[in-house]
Amino acid sequence: MKIAVAGVGYVGLVTAVCLAEVGHHVTCVDVDSKKIELMKSGKSPIYEDGLENLMNKNQERLVYTTDYKKAYQNANVIFVGVGTPERVDGSANLDYVYKVCENIKESVDDNKIVVIKSTVPIGTNDDIEKRLNENSKIRFYVVSNPEFLAQGSAVHDTFYPSRIVVGVEDKYSEEIMRQVYQPLIESPYNAPYLTMDRKSAEMVKYASNDFLALKISYINEIANFCEKIGADITEVAKGMSYDSRIGNKFLDAGIGYGGSCFPKDTSALHWLSQAMDCELKTVAATIEVNKLQRLKLFERWREDFGNNIKDKTVAVLGCAFKPGTDDLREAPSIYNIELLLNYGVKVNVFDPIAEKNVYLLFEDRIHYCSNIDEAIKGADAAFIMTELQEIVDYNLSYYKKLMKNPYIYDGRNCYSLENVEKSDIHYYSIGRRCIK
Ligand code: UGA
């Protein structure tokens, strides 16, 4: 099948490349000519495990272009995977989605299926279909096909999705969408495939992401409580996870969730629920708990140092919102670096994958280090913000050896307390006893 994909971010590009791998002919469209040129040279504009290999392997079935007219005209199905960032008031900004739809409308002269992969508020797909078909001689069929891939494992998640959800309002698009996804429904991928009405499909996306965010905020609150009462969150989470109704995923306490999805999707659903006069209170609580959680390491450090932190040096270990990505969107590290700088603290950072993006934000205001030794040397504290493998594998004795003050604040519970106890360091982690 001939497919066009609008947007070459995490959702659009990974979808495009994986659809090419299963046999479709895919044209990737983006307004950013630099990104398009980069992809033409075989390079991915985003870091995602296995993506570049697949781009090169499927060169014959992949085209990259800024010429959206031609791309949309030639396609049977057009996927839309552009961003829906958060507005200042918390609502989702749909400008990019609507712009792409306008472009599609002005470009094509036969019936098209338009598949919205971007996360959009409930009812948006109905509105898009209405706008596309208004005063139009041809017929547009709009499908809601929310994306469930996670960054860092995006390629794997696309081939082996937990489920493919397709929201349709007519038989024709239902049939075509099944053909698009048939290679993934079949062996060896065996993806569960669900069709439903469009609004329900839109809601599945928000309800899933907001539930996962809620699970994280919940375990973080329980962790904070564990600190107060002297329990250990790792043991508590383990004990909970044996109940199959709870499960063992998303129970890692830490300094809060970040990324381009949970923060934005919780805000958008909360905004929508208020606008509909039906506030989702659990979602409001999820957001509030997460905002406070991000500050935990900083506040604890300030307490430990009796507010005397000006001109001290902090090593920030790990900056991306999670391992395996260079994405800094809503990463807790960013809030912490900004805060540290505001208090006159010197900051060393270590994150080999995300460093380039950190530089774009902080330029020469902080010091960039190519390894952990360099970052912690002479430092007064180390904040672990991302559980990068290099950090997890790091020899604990080096903290004592290299730092001025071996005060470790671990926001991702990277080390076992038993090992820490042997290392003669001051170690604060989330929801566990502090080791001094
Ligand atoms: C999330 C969802 O997991 C995907 O299913 C969804 O498709 C995606 O959003 C999206 O809407 O596009 P992602 O944001 O890539 O994926 O990352 P996650 O792996 O879910 O992690 C999000 C944040 O939660 C990270 O900051 C991570 O450190 C944090 N987290 C995760 C915890 O603090 N504790 C946990 O136990 C799990």
Side-chain angles (χ1 to χ4, degrees), residues 7 9-15 46-49 81-86 92 116-120 145-158 160-165 202 204-224 233-234 236-238 240-241 246-269 286-287 289-291 293-294 296-297 318-336 354 384-388 391 410-414 429-431:
Y10 284 93
V11 171
L13 184 57
V14 176
T15 303
I46 51 164
Y47 177 84
E48 198 59 54
D49 195 25
V82 293
T84 52
E86 187 179 334
I116 307 296
K117 268 215 160 280
S118 310
T119 302
V120 292
N145 177 211
E147 181 51 66
F148 301 107
L149 62 79
Q151 283 176 229
S153 55
V155 172
H156 176 272
D157 294 350
T158 306
Y160 299 96
S162 50
R163 71 288 204 196
I164 295 170
V165 170
E202 291 170 327
V204 169
K205 174 66 188 180
Y206 278 105
S208 301
N209 269 6
D210 288 18
F211 183 73
L212 293 170
L214 169 73
K215 206 172 173 188
I216 298 169
S217 278
Y218 180 76
I219 204 69
N220 284 340
E221 264 208 308
I222 297 293
N224 298 342
I233 192 62
T234 320
V236 174
K238 190 166 142 199
M240 289 165 68
S241 71
I246 297 173
N248 61 8
K249 305 228 168 74
F250 277 67
L251 286 180
D252 294 329
I255 30 143
Y257 59 78
S260 61
C261 307
F262 292 166
K264 151 178 95 68
D265 294 347
T266 43
S267 292
L269 190 63
T286 300
I287 298 169
V289 169
N290 198 57
K291 279 190 180 144
Q293 197 69 10
R294 291 196 296 231
K296 284 213 73 179
L297 303 188
C319 293
F321 81 97
K322 68 175 188 178
T325 174
D326 60 355
D327 200 330
L328 295 172
R329 283 176 285 180
E330 293 294 321
S333 65
I334 300 311
Y335 291 93
N336 280 273
I384 299 176
M385 310 299 286
T386 318
E387 62 277 35
L388 300 180
I391 300 170
D410 184 355
R412 297 295 176 188
N413 293 0
C414 289
S429 56
I430 307 289

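Counting starts at 1 for both ligands and their atoms, following the listed order. Predicted model only: the values in this text are computed from it and were never measured.
- Residue C261 places a heavy atom under 4.0 Å from ligand 1.
- With no hydrogens or angles considered, a side-chain donor-acceptor pair links N224 and K296 at under 3.5 Å.
- Rounding to the nearest 0.5 angstrom, the gap separating the OG1 atom in T119 from the NZ atom in K264 is 4.5 Å.
- With a heavy-atom cut-off of 4.0 Å, V11 does not touch ligand 1 at all.
- Contacts with ligand 1 closer than 4.0 Å are made by side-chain heavy atoms of I216 only, the backbone lying farther away.
- Counting heavy atoms under 4.0 Å from ligand 1, residue L149 touches it through the backbone alone.
- Here the side chain of R329 pairs no donor or acceptor atom with the backbone of G259 at under 3.5 angstrom.
- Nearest to atom 27 (C) of ligand 1 among the protein's heavy atoms is F321 O, 4.0 Å.
- Near Q151, meaning under 4.0 Å from any of its heavy atoms, are these atoms of ligand 1: 15 (O).
- For ligand 1, none of its N or O atoms has an N or O atom of E387 under 3.5 Å away.
- Not one N or O of F262 is nearer than 3.5 Å to an N or O of ligand 1, by distance alone.
- In this structure, G258 has a heavy atom closer than 4.0 Å to ligand 1.
- In terms of polar-atom proximity, T119 is not counted as a contact of ligand 1, lacking any N or O under 3.5 Å from an N or O of the ligand.
- Judged by the shortest distance from any of its heavy atoms, K215 lies outside the 4.0 Å radius around the atoms of ligand 1.
- Of all atoms in ligand 1, numbered sequentially from 1 with element shown, those under 4.0 Å from a heavy atom of K205 are 6 (C), 7 (O), 10 (C), 11 (O), 12 (O).
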